[in-house]
Protein chains: 4
Amino acid sequence: MIDYRIDRGGGVPAYVQIVEQTERALRMGFLKVGDKLPTAKEVVAATAINPNTVLRAYRDLEQAGLVELRRGLGTFVTRSLARPGAEDDSPLRRELGDWVARARAEGLERADVLAMVTAALDTHDTAHDSRAPQDRARTKEDA
Amino acid sequence: MIDYRIDRGGGVPAYVQIVEQTERALRMGFLKVGDKLPTAKEVVAATAINPNTVLRAYRDLEQAGLVELRRGLGTFVTRSLARPGAEDDSPLRRELGDWVARARAEGLERADVLAMVTAALDTHDTAHDSRAPQDRARTKEDA
Amino acid sequence: MIDYRIDRGGGVPAYVQIVEQTERALRMGFLKVGDKLPTAKEVVAATAINPNTVLRAYRDLEQAGLVELRRGLGTFVTRSLARPGAEDDSPLRRELGDWVARARAEGLERADVLAMVTAALDTHDTAHDSRAPQDRARTKEDA
Amino acid sequence: MIDYRIDRGGGVPAYVQIVEQTERALRMGFLKVGDKLPTAKEVVAATAINPNTVLRAYRDLEQAGLVELRRGLGTFVTRSLARPGAEDDSPLRRELGDWVARARAEGLERADVLAMVTAALDTHDTAHDSRAPQDRARTKEDA
DNA sequence: GTGGTCTAGACCACT
DNA sequence: GTGGTCTAGACCACT
């Protein structure tokens, strides 16, 4: 069962956080087709957000074609976003684990790691002319 | 000069995106103490958001002690968040660049990469009892 | 400006009625790209439903790619559903107008007309093997 | 035997769809006094909705004076809504069939046809000052 | 002033 | 007991 963590006061709406965390779990294969999401009540108990907010997020996920809300039954995953390369035992994942361990050991914070990865993605995608590199801030120095 | 990218319709407020992208640039050393942020007018020209929204973000950054708004002059970086390990020529950064290139070559999307990194951070931090692992979704299977 | 009519107590949710009426106006060309939908406040004044309910409908329309909600500005049509054959001066439309006039003159109610059209669509689509004839009730006699 | 089609996820409650489809069949004369509605069990088998939902709809139809629930026997039509002009071989119906065939041949979708008919009804009823034109969206341009 | 989020609570639909 | 709609009202984001 996925376990949502809501960061209040970070400016990102709670329902967006639920949607993003769910999509992340789908990409990682932590959630599979047929899996049940926690009920609104369970999320409320764990996060202290309002059930309506949970349902708002679930509705968004439904419209994205990822889950199905069944009245009286619950909310179920209907589509996977799992990626071959992201598997538990893939070399890619093992190497990333090593890299993260070293980064943390060198004193880098979670936010530093995320900043580095975002920058690395920007650099790579810019160099390879990839489309739609959204959520990106570049500096002229990149040019 | 930092070049903000605003993703409208993603649910994350525009001012939050500016704050986050600025902090990321500070962590990466793309922005240094004394650097000037773009004027509200420049950001407006580049992103089509309202100048008040830009100023709202700059005020947040000022309250965080990262920049200073000097009336008539502009907004200037007053504090760095740069990290030793995150330098341009650090092994950590070079290795990450390689890893990202391979991940992309294997067909992983930007969102897949970010999901993997978030999961790797969660796994590492959980194993090492690190504090405040915000913005995280775990599954019971992690336990 | 479109003028919504909400039928409370008919069992159909108010936000669904707004969505359907908007889509109908788009198909008929009554609403064109760039047109502004009434503000939530205006709809509230005209229909006595809650602004949140209006926004819920507008959000649905946005996710369907038909309108864009611009904070501080309003809600605007971004895509047309207008059909060539449905134009104001098309023969099809003129003939339908005549037919409706005769049907009403013969004492048929609005609901009778709608029932007849639905049945005619079912009969035609079944005979021509058309796909996805949703919202249809057939009788075995059709077979 | 009437054959209900339930559109889940369209926002309209399942029991409302059953009621509407039944009324439509009554108006068209597809269902006549004395006819038996399918048992809840049969509807369940055909539509995968819960028997209680079917019974809820039948109870609504009973309260509207259209059917009678006889325990152990089934649900039977007690009142017709059939209209003289809506008969199978009426000119009105034949002409409508032709019109629908042409509309479909010109590429209009089911929803386009329904939108056109609704608009034609609105136009006619507005011009002739008819009562209670519910479920209608008009534009100022109509005036 | 416009839309956007969130809450608390009522009541409904469905299993 | 599950999700679904709607409300009233507070507060926020954006123009």
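Since this is a predicted model, take the numbers as computed values, not measurements. Every chain is numbered from 1 and lettered A, B, ... according to where its sequence line falls, protein lines coming before strand lines.
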Report task. Give the rounded distance in Å between these two atoms: CG of A/L55 and C1' of E/dT7. Result -> 13 Å
**Report entry** The single option from C/R5, C/R24, C/R110 passing salt bridge (charged side-chain N to carboxylate O under 4.0 Å, His left out) against D/D122
**Finding:** C/R110
Report summary line: Of C/V16 and B/P13, the one whose nearest nucleotide on DNA chain F sits closer to the 5' end is C/V16
Report summary line: Partner of E/dC12 under the Watson-Crick or G-U wobble criteria, both distances under 3.5 Å, comes out as F/dG3
Report task. Please report, rounded to the nearest Å, how far the C1' atom of E/dG4 is from the CD atom of A/Q17. Result -> 15 Å
Report task. Could you tell me the separation between the CG atom of C/L73 and the P atom of F/dA13, rounded to a whole number of Å? Result -> 17 Å
**Report entry** Whole-Å distance separating the CZ atom of A/R56 from the P atom of E/dC6
**Finding:** 8 Å
Report task. Go through the side-chain N and O atoms of D/T22 and D/Y4 and say whether any donor and acceptor fall under 3.5 Å apart. Result -> yes
Query raised in the report: What is the distance from atom CG of B/D7 to atom OG1 of B/T47, rounded to the nearest 0.5 Å?
Result: 12.5 Å
Report summary line: Taking every heavy atom of C/L26 against every heavy atom of C/R79, the minimum-distance pair comes out as CD2-O, 3.7 Å
Requested in this report: Would you indicate which nucleotide in F/dT5, E/dC14, F/dC6 comes nearest to any side-chain atom of D/Y15?
Outcome: E/dC14
Query raised in the report: How about C/V43 and C/Y58: do any of their side-chain heavy atoms sit closer than 4.5 Å?
Result: yes
Query raised in the report: Which heavy atom in D/G11 sits nearest to a heavy atom in C/V16, and how many Å separate them?
Result: CA-CG2, 4.0 Å
Report task. May I ask you to test the B/V67-B/L37 pair for a side-chain heavy-atom distance under 4.5 Å? Result -> yes
Query raised in the report: Could you state the OH-C1' distance from C/Y58 to E/dG3, rounded to the nearest angstrom?
Result: 11 Å
Query raised in the report: Quick one: which of E/dC6, F/dG3, F/dT5 gets closest to the side chain of A/R59?
Result: F/dT5
Query raised in the report: Do any of residues 39-54 of chain C sit with a heavy atom less than 4.0 Å from DNA chain E, and if so which?
Result: C/T39, C/A40, C/K41, C/N52
Report summary line: In whole angstroms, the gap separating C1' of E/dT7 from CZ of A/R8 amounts to 10 Å
Query - Integer-rounded Å distance: E/dC14 P and A/R71 CZ - result: 5 Å
Query raised in the report: Could you give the CG-to-C1' distance, from A/D7 to E/dT5, as a whole number of Å?
Result: 16 Å
Report summary line: When C/G72 and D/A14 are each assigned the nearest nucleotide of DNA chain E, the 5'-most assignment goes to C/G72
